[in-house]
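Here's the structure, in structure tokens; my notes come after.
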Amino acid sequence: MYPYYYFRYPKPGYNPQLQNCWNYPHAYQSYYHPVHFYRTFPAVDPQMFMSSAKKMEVLMRDASTLLVNMAESKKFSYELMSAAQQSKKDAVEKMIKSTGISQIPAVSYTPDGLSLHFESDKEDSQKCCDLTLKLRWM
């Protein structure tokens, strides 16, 4: 029997006349009681968390620089949109590199908008953090 279905199924081999449980009502004496499992958590080490936060700061700074260029320059936005709509991936990546950011995102686009995926370190064995921006133009 599954131990979590308490108060539903009688215990195997239970005989109510032979049971003397004075602390439970008679109606509940023949049923399973809940089993509580307590999880133990590992010791907290914030080093990896702090390292992820530092790497995410760089990604956020690059994303912010790119968004400022898109928001303030009508010419840049127009050229980026038209290159993306025409599926000119090399032109889109070249324009993004021209903004001066250190982490170049993976670019994908649909007819509705642009998706930029920043990753912390591509050569790092433990992928700690990433950031995805989705911008719509329709």
Side-chain angles (χ1 to χ4, degrees):
M1 300 279 162
Y2 190 67
Y4 287 114
Y5 292 121
Y6 53 94
F7 301 134
R8 182 176 272 179
Y9 300 107
K11 294 178 184 176
Y14 172 72
N15 186 353
Q17 285 79 26
L18 300 176
Q19 181 102 8
N20 280 339
C21 285
W22 55 269
N23 56 349
Y24 286 109
H26 185 69
Y28 296 133
Q29 288 179 8
S30 64
Y31 297 98
Y32 281 107
H33 296 290
V35 177
H36 299 285
F37 296 102
Y38 295 99
R39 290 181 18 188
T40 58
F41 295 103
V44 176
D45 182 20
Q47 191 60 38
M48 177 71 172
F49 188 66
M50 292 168 60
S51 154
S52 290
K54 286 189 184 292
K55 290 179 182 179
M56 186 56 92
E57 275 184 323
V58 174
L59 296 181
M60 292 289 288
R61 195 175 312 121
D62 287 344
S64 178
T65 302
L66 188 57
L67 289 173
V68 166
N69 282 334
M70 289 178 188
E72 293 180 354
S73 173
K74 190 169 189 172
K75 180 182 180 222
F76 180 80
S77 295
Y78 177 80
E79 290 174 0
L80 187 67
M81 272 181 64
S82 63
Q85 284 180 337
Q86 295 169 13
S87 296
K88 296 180 179 176
K89 191 168 187 165
D90 294 333
V92 171
E93 289 177 356
K94 183 179 174 185
M95 290 182 69
I96 290 173
K97 286 179 187 176
S98 72
T99 59
I101 60 176
S102 61
Q103 296 282 336
I104 306 301
V107 181
S108 62
Y109 31 82
T110 63
D112 291 345
L114 182 70
S115 178
L116 305 166
H117 185 77
F118 292 86
E119 289 183 2
S120 60
D121 288 327
K122 293 184 171 96
E123 62 272 353
D124 193 8
S125 63
Q126 287 182 328
K127 183 179 158 187
C128 74
C129 48
D130 58 352
L131 174 69
T132 302
L133 299 175
K134 293 185 179 182
L135 303 160
R136 292 193 56 185
W137 56 60
M138 285 189 134

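Scope of the values below: all heavy atoms of this structure, side chains included, with no hydrogens, waters or symmetry mates.
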Indicate every side-chain donor-acceptor pair of residues 50-59 with a distance under 3.5 Å to a residue at least two apart or in another chain.
from	atom 1	to	atom 2	distance (Å)
Ser52	OG	Met48	O	3.2
Lys55	NZ	Asp124	OD2	3.2

How long is the span from the [atom1] atom in [X] to the [atom2] atom in [Y], to the nearest 0.5 Å?
| X | Y | atom1 | atom2 | answer |
| --- | --- | --- | --- | --- |
| Phe49 | Cys128 | CZ | SG | 11.0 Å |
| Asp130 | Gln103 | CG | CD | 11.5 Å |
| Ser108 | Leu116 | OG | CG | 8.0 Å |
| Leu114 | Gln85 | CG | CD | 10.5 Å |

Is [Y] reachable from [X] through a run of I, L, V, M, F, W or Y residues, each pair having side-chain heavy atoms under 4.5 Å apart?
| X | Y | answer |
| --- | --- | --- |
| Leu67 | Met81 | yes |
| Met60 | Ile104 | yes |
| Leu80 | Met138 | yes |

*Residue pairs fulfilling side-chain hydrogen bond (donor to acceptor under 3.5 Å, both in side chains) with at least one residue in residues 63-73, sequence neighbours excluded*: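 Listed by first then second residue: nothing to list.
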Applying side chain to side chain contact (heavy atoms under 4.5 Å, CB included), name anything that partners Ala91, two or more places apart in sequence or on another chain.
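Scan of Ala91 (side chain to side chain contact (heavy atoms under 4.5 Å, CB included), adjacent residues dropped) gives Ala83, Lys88.
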Does [X] reach the main-chain N or O of [Y] with its side chain, forming a donor-acceptor pair under 3.5 Å?
| X | Y | result |
| --- | --- | --- |
| Thr99 | Ile96 | yes |
| Ser77 | Met70 | yes |
| Tyr109 | Lys89 | yes |

Nearest heavy-atom pair of Ser102 and Asp62: which atoms, and what distance?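 Result for this residue pair: OG-OD2, 2.9 Å.
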Self-check item: Non-hydrogen atoms of Trp137 and Pro111 that approach each other most closely
Solution: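 The answer is NE1-O, 3.0 Å.
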Assess whether side-chain contact (heavy atoms from CB on, under 4.5 Å) is satisfied between Leu133 and Leu66, documenting all intermediate values. CA-CA 11 Å; Leu133 299 175; Leu66 188 57; 5.5 Å; no
